[in-house]
Amino acid sequence: MKLIVEKDYDGISKKAAGIVKQQIESNKSTILGLATGSTPVGMYKELIRMHKEEGLDFSNVISFNLDEYIGIDYEHPNSYHYFMKDNLFNHINIDMNNTFVPDGKAKDLDNYCKQYDKLIEKKGGIDLQILGIGENGHIAFNEPDEELNTGTSIINLTESTIKANSRFFDSPGEVPKKAITMGIGSIMKAKKIILMASGKKKAKVIKKLLEGKKITTQLPASMLLLHPDVTVIVDEEAYKG
Ligand code: PGA
């Protein structure tokens with residue numbers, strides 16, 4: 001696991017965007033794995049700037065998102081479909097037919113989950129996966145548990161995640177209780193992974209991850225210790241607390 005510590009949120013955003021840019025410039029048809037949440041917003045802003053000012057070309061890029069709530073309308077500002085359009089897709093020249101966000105409204109969800117993993121494989125696999133990390137160590141919506149899913153699956157959100165995400169909703173009661181998420185195995189198949197974290201709240205979990213001695217399903221992010229190409233990009237607050 002490679003570690004990069006930047007001064008602040010702006011620093012991690014620019015660093016991560018720089019790596020994404022390099023990846024796209026080395027392969028115009030790059031397959032990106034994208035994340036939602038507060039952490040990648042600054043990176044997306046920087047990618048939009050790179051597109052507008054430096055001509056970074058997304059026209060052949062393909063993207064797969066990690067997760068989506070179940071039981072939420074895609075026009076709802078808190079859906080991840082909406083988030084991706086609002087924070088990235090609407091501002092760059094990506095072909096919307098090449099963007100994939102899990103469909104929590106699919107009729108046969110179990111079958112849909114299988115097809116999502118198959119589609120990633122069929123397109124050639126994710127070249128660069130962007131990840132945030134939950135305060136409880138989750139990656140995507142793979143929550144700490146006795147067992148973790150390998151492939152894309154339906155999961156129940158933990159109380160801690162519902163509480164953390166309630167900041168985006170009017171009340172915790174409005175946060176969906178279920179989600180569809182790429183599994184640990186789907187994530188581990190990515191050729192390269194960047195995990196980003198910012199702020200004091202993440203310091204405890206980042207410390208645990210960087211200790212790097214043990215993997216446990218109670219800290220889903222620890223599975224990344226088994227991956228050959230992970231870069232952890234954190235700001236000083238997430239590093240030192
Ligand atoms: P955040 O979420 O970027 O909003 O902190 C990260 C996560 O829960 O994976």
Side-chain angles (χ1 to χ4, degrees), residues 6 8-17 20 32-47 64-70 72 77-84 86-88 101-102 104 126 129-145 148-149 152-153 155-169 172 174-184 186-188 190 193-209 217-224 227 230-239 241:
E6 293 286 332
D8 53 19
Y9 180 69
D10 194 46
I12 67 163
S13 301
K14 289 192 172 139
K15 189 76 192 177
V20 174
L32 294 176
L34 298 178
T36 53
S38 316
T39 311
V41 170
M43 179 193 74
Y44 291 145
K45 283 207 173 96
E46 178 63 7
L47 287 172
F64 284 92
N65 264 77
L66 287 167
D67 44 17
E68 176 59 287
Y69 291 118
I70 291 178
I72 195 167
N78 288 339
S79 81
Y80 292 166
H81 280 75
Y82 186 99
F83 176 101
M84 287 312 301
D86 198 35
N87 284 285
L88 184 67
V101 180
I126 289 170
Q129 175 68 57
I130 307 295
L131 293 177
I133 182 168
E135 288 166 50
N136 65 0
H138 73 206
I139 46 175
F141 275 137
N142 296 285
E143 302 279 22
D145 208 337
L148 297 174
N149 291 307
T152 298
S153 311
I155 52 90
N156 295 311
L157 299 179
T158 59
E159 279 310 312
S160 119
T161 299
I162 291 173
K163 200 169 145 231
N165 289 7
S166 66
R167 68 190 192 278
F168 302 115
F169 291 80
E174 271 186 37
V175 185
K177 306 285 181 288
K178 281 179 184 284
I180 177 168
T181 182
M182 268 165 61
I184 296 289
S186 331
I187 293 169
M188 290 288 283
I193 298 177
I194 293 177
L195 182 141
M196 305 170 72
S198 166
K200 284 190 169 70
K201 275 196 203 160
K202 300 286 170 74
K204 216 167 140 190
V205 74
I206 288 296
K207 185 161 182 270
K208 258 200 224 169
L209 177 65
T217 57
Q218 298 301 337
L219 183 69
S222 67
M223 299 295 153
L224 299 174
H227 192 283
V230 178
T231 304
V232 174
I233 306 180
V234 293
D235 59 15
E236 282 176 3
E237 284 193 349
Y239 186 56

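The first residue in the sequence is number 1, and the count goes up from there. Ligands are counted one by one from 1 in listed order, and the atoms in each one are counted from 1 as well.
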Next item on the list: Without swapping roles, check the side chain of Lys201 against the backbone of Glu135 for a donor-acceptor pair under 3.5 Å.
Entry: no
Quick look: Arg167 vs ligand 1, heavy-atom contacts under 4.0 Å, and the answer is side chain
Original post:
Are Tyr80 and Leu66 close enough that some pair of their side-chain heavy atoms sits under 4.5 Å apart?
Top reply: no
Within 4.0 Å of some non-hydrogen atom of Gly37, the atoms of ligand 1 are 3 (O), 4 (O)
Note: Ile133, heavy atoms under 4.0 Å from ligand 1, region reported as backbone
heavy-atom search around atom 8 (O) of ligand 1 in the protein gives His138 NE2, 2.6 Å
A quick test of your reading: do over 12 heavy atoms of other residues, nucleotides or ligands sit less than 6.0 Å from OH of Tyr9? yes
NZ (Lys177) with more than 12 external heavy atoms under 6.0 Å = yes
The atoms of ligand 1 lying under 4.0 Å from a heavy atom of Thr39, numbered in the order shown, are 1 (P), 3 (O), 5 (O)
(Q) Test your reading of the structure: does Ser38 have an N or O sitting under 3.5 Å from an N or O of ligand 1? (A) yes
| query | Is the shortest heavy-atom distance from the side chain of Ser166 to the side chain of Val175 under 4.5 Å? | reply | yes
Across all chains, not counting sequence neighbours, the ring pair (Phe, Tyr, Trp, His ring centres under 6.0 Å) partners of Phe64 are Phe100, Tyr116
Closest to atom 5 (O) of ligand 1 among protein heavy atoms sits Lys202 NZ, 2.6 Å
